[in-house]
Amino acid sequence: MKVRTRVAPSPTGDPHVATAYVAMINACFARASGGDGRFILRIEDTDRTRSTQASEEAILASLDWLGLAWDEGPDVGGPHGPYRQSERSAVYAEHAARLLRDGHAFACFCSAERLEEMRVAQRAAHEPPHYDGHCLTLTHQAIQENERAGVPCVLRLKVPRDGVCVFEDVLRGRIEIEWKTVDMQVLMKSDGFPTYHLANVVDDHLMEVTHVIRGEEWISSTPKHLLLYDYFGWSGDTPTFCHLPLLRNPDKSKLSKRKNPTSILYYRARGFLPEALLHFLGTLVDGRNDEALLECSATSELLERMCSHFDLTRISLGGPVFDLEKLTWLNGQHLRRHHASEMLAILEAWGYAWPPAIAAEHRERIARLAMDRIRTLDEFGPLVAFFAERPDLSKADLELSKLPPAAAGEALALALRALAEIADALWREAEIGNVLKAAVAAHEWPFAQGLRFRDAVRVYYVAVTGSPTSLPLFDAMEILGKGESLRRLETALEKLH
RNA sequence: GGCCCUAUCGUCUAGAGGCCUAGGACGCCGGGUUCUCAACCCGGUAACGCGGGUUCGAAUCCCGCUGGGGCUACCA
């Protein structure tokens with residue numbers, strides 16, 4: 001069978017990592033099914049008050065950034081377009097009319113106020129809120145009067161009063177839901193746009209979707225969807241349903257931006273690599289350790305590798321917690337697979353602007369020194385800023401454990417004397433290191449007997465780089481140059497007095 | 001509350017009745033390496049929610065309980 005899957009995001013906010021998660025699984029399944037599998041992107045923008053074009057653009061750009069290429073979609077078109085629901089109004093109107101004509105749906109004129117009162121009463125009576133069927137019994141005449149008077153109207157689904165809806169889920173097996181627990185859902189809103197339920201079913205059918213792979217939150221509305229397939233006479237080819245577990249916050253609730261960053265834009269801005277984010281989402285589906293995924297620097301390559309051992313039926317059902325810590329680690333891993341020269345391009349593509357004071361000839365070397373020390377690209381700038389800017393130190397910055405203030409001053413003076421001896425032409429990382437180590441070793445330390453180099457060196461780090469934890473000192477000093485390095489040591493020494 | 005889904009280390013997961021003394025990865029802890037911090041290497045910590053069945057044998061199958069989650073809109 002020719003497999004056709006889709007992801008159907010609603011453009012009502014920032015592109016969500018859960019959308020990418022679902023998209024990835026749909027893309028993998030279509031691809032793993034063979035060469036003729038197709039993956040569709042459909043924009044579900046039927047909520048006119050919340051949908052925005054900016055959001056749609058961001059969703060497309062984000063999925064593209066992650067390498068989740070779709071075969072059919074609003075931008076690339078396809079045989080069953082348009083792929084944007086707001087452009088398919090005529091299709092829904094036609095199908096809605098069909099349901100009404102066949103007696104499978106009914107016009108409802110109830111006001112928002114009445115519905116609200118109804119629900120309040122039901123809640124008070126400890127009943128589950130549901131439409132009470134008020135307009136189900138409207139006479140032909142009453143309906144026409146309402147229409148003539150221009151009373152706003154929606155279309156509701158007729159639902160069997162008893163019996164059980166049974167369907168099969170790829171991951172969960174047989175699911176049974178009693179019809180009496182299914183509400184008479186609105187299918188067409190009073191603004192003339194369809195709700196999710198109608199649009200989704202109509203489009204999935206018309207677009208010949210064979211597998212509906214979506215979030216778990218849709219399980220309880222699946223009976224409505226099945227009913228629609230039946231009403232339209234499509235029950236012969238209802239798609240296969242697969243409900244995916246929902247991504248979770250660390251507290252196990254459904255992933256939300258209140259508790260965890262959810263926007264793909266956020267991760268991009270922080271300097272996460274698309275292959276790292278995709279890889280991470282992949283671990284939520286298949287947590288086995290595939291080391292080969294670490295070697296994939298292109299998202300396309302990564303996706304291909306994931307597809308090679310993808311099995312939709314083996315996804316574990318516990319909602320996975322979105323663990324930023326592991327994502328960050330993965331990002332560091334992917335970062336380090338690149339050469340320093342590639343890092344320059346990656347940083348630039350990400351939007352990093354080198355301070356002009358850092359000469360172009362030093363940049364690759366600086367990148368090489370920095371890349372083992374960052375996990376996300378946004379850590380790069382702060383780490384190398386000292387090359388362009390002299391540290392603004394206070395006396396307190398120079399007070400380090402294992403190094404009394406008097407000894408710190410001694411250490412700085414010592415370094416100054418020793419380093420001044422190095423000829424300009426020999427000002428190299430190895431020479432600087434040797435001279436400094438020898439000087440510290442040969443010195444008598446009245447205020448810090450037996451001082452080890454590793455303790456003394458910290459004050460040099462602070463003086464030169466502004467921080468006791470920074471890029472390797474000798475390299476930094478070589479890059480800064482003899483004059484600048486000595487000047488920073490001097491400044492630090494002055495600060496101590 | 002009602003309906004539905006779900007349950008292996010803190011986290012992601014492996015596990016398909018005997019290969020389980022439950023494996024890997026992140027995290028954490030310890031060690032090595034080292035000019036700081038990282039990176040890297042080595043080692044350690046830590047789980048089958050509880051109670052009943054079925055079976056010669058259960059993490060695995062069944063039931064109940066408990067915990068977690070979702071849905072309960074003219075949002076998706």
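Note that the coordinates shown come from a computational prediction; the quantities given were computed from them, not determined experimentally. Letters A, B, ... are given to chains in the order of the sequence lines, protein chains preceding strands, and every chain is numbered from 1.
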Engineer: Starting the side chain at C-beta, find the nucleotide from C3(B), C4(B), A38(B) nearest to I175(A).
Structural biologist: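 So the side chain of I175(A) is nearest to C4(B).
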Engineer: 5'-most contact on RNA chain B: I177(A) or K437(A), nearest heavy atom basis?
Structural biologist: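 Going by which nucleotide is closer to the 5' end, it is I177(A).
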Engineer: Name every residue in residues 458-479 of chain A that has at least one heavy atom under 4.0 Å from any atom of RNA chain B, in order of residue number, or write none if there are no such residues.
Structural biologist: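 R458(A), Y461(A), P468(A), T469(A), S470(A), L471(A), P472(A), L473(A), F474(A), D475(A), in order of number.
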Engineer: I'd like to check the side chain to side chain donor-acceptor pair (under 3.5 Å) partners of E57(A); sequence neighbours left out, ordered by chain and number.
Structural biologist: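 Side chain to side chain donor-acceptor pair (under 3.5 Å) check on E57(A) returns Q53(A).
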Engineer: With the side chain of R288(A) defined as its heavy atoms from C-beta on, choose the nearest nucleotide among U36(B), A14(B), C12(B).
Structural biologist: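 Among the listed nucleotides, the one closest to the side chain of R288(A) is A14(B).
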Engineer: What nucleic acid atoms does Q122(A) come within less than 4.0 Å of, heavy atoms only: base, sugar-phosphate, or nothing?
Structural biologist: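 Nothing, no nucleic acid heavy atom in range.
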Engineer: Aromatic ring centroids of H225(A) and Y196(A) under 6.0 Å?
Structural biologist: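 They qualify: ring centres under 6.0 Å apart.
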Engineer: Nearest heavy-atom pair of I59(A) and S10(A): which atoms, and what distance?
Structural biologist: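 Minimum heavy-atom separation between I59(A) and S10(A): CD1-O, 3.9 Å.
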Engineer: Indicate, yes or no, whether a donor-acceptor pair under 3.5 Å links the base of A16(B) to the side chain of R314(A).
Structural biologist: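 Present.
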Engineer: Output yes when at least one side-chain N/O atom of R172(A) is less than 4.0 Å from OP1 or OP2 of C4(B), else no.
Structural biologist: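 No, no such contact exists.
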Engineer: Test side chain to side chain donor-acceptor pair (under 3.5 Å) on T283(A) and K326(A) and set out the steps.
Structural biologist: CA-CA 10 Å; T283(A) 66; K326(A) 185 156 184 177; 5.1 Å; no
Engineer: When every nucleotide of nucleotides 65-76 of chain B is labelled 5' to 3' by its protein contacts under 4.0 Å (heavy atoms), B for base, S for sugar-phosphate only, - for none, what sequence of letters results?
Structural biologist: ---SSSSSSBBB
Engineer: For the residue pair Y267(A) and F322(A), categorise the inter-ring angle as parallel (less than 30°), tilted (30 to 60°) or perpendicular (more than 60°).
Structural biologist: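 The arrangement is tilted - the two ring planes meet at 30° to 60°.
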Engineer: For the residue pair S86(A) / D45(A), report whether a side-chain donor-acceptor contact shorter than 3.5 Å exists.
Structural biologist: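 Indeed, the side chains of D45(A) and S86(A) share at least one donor-acceptor pair under 3.5 Å.
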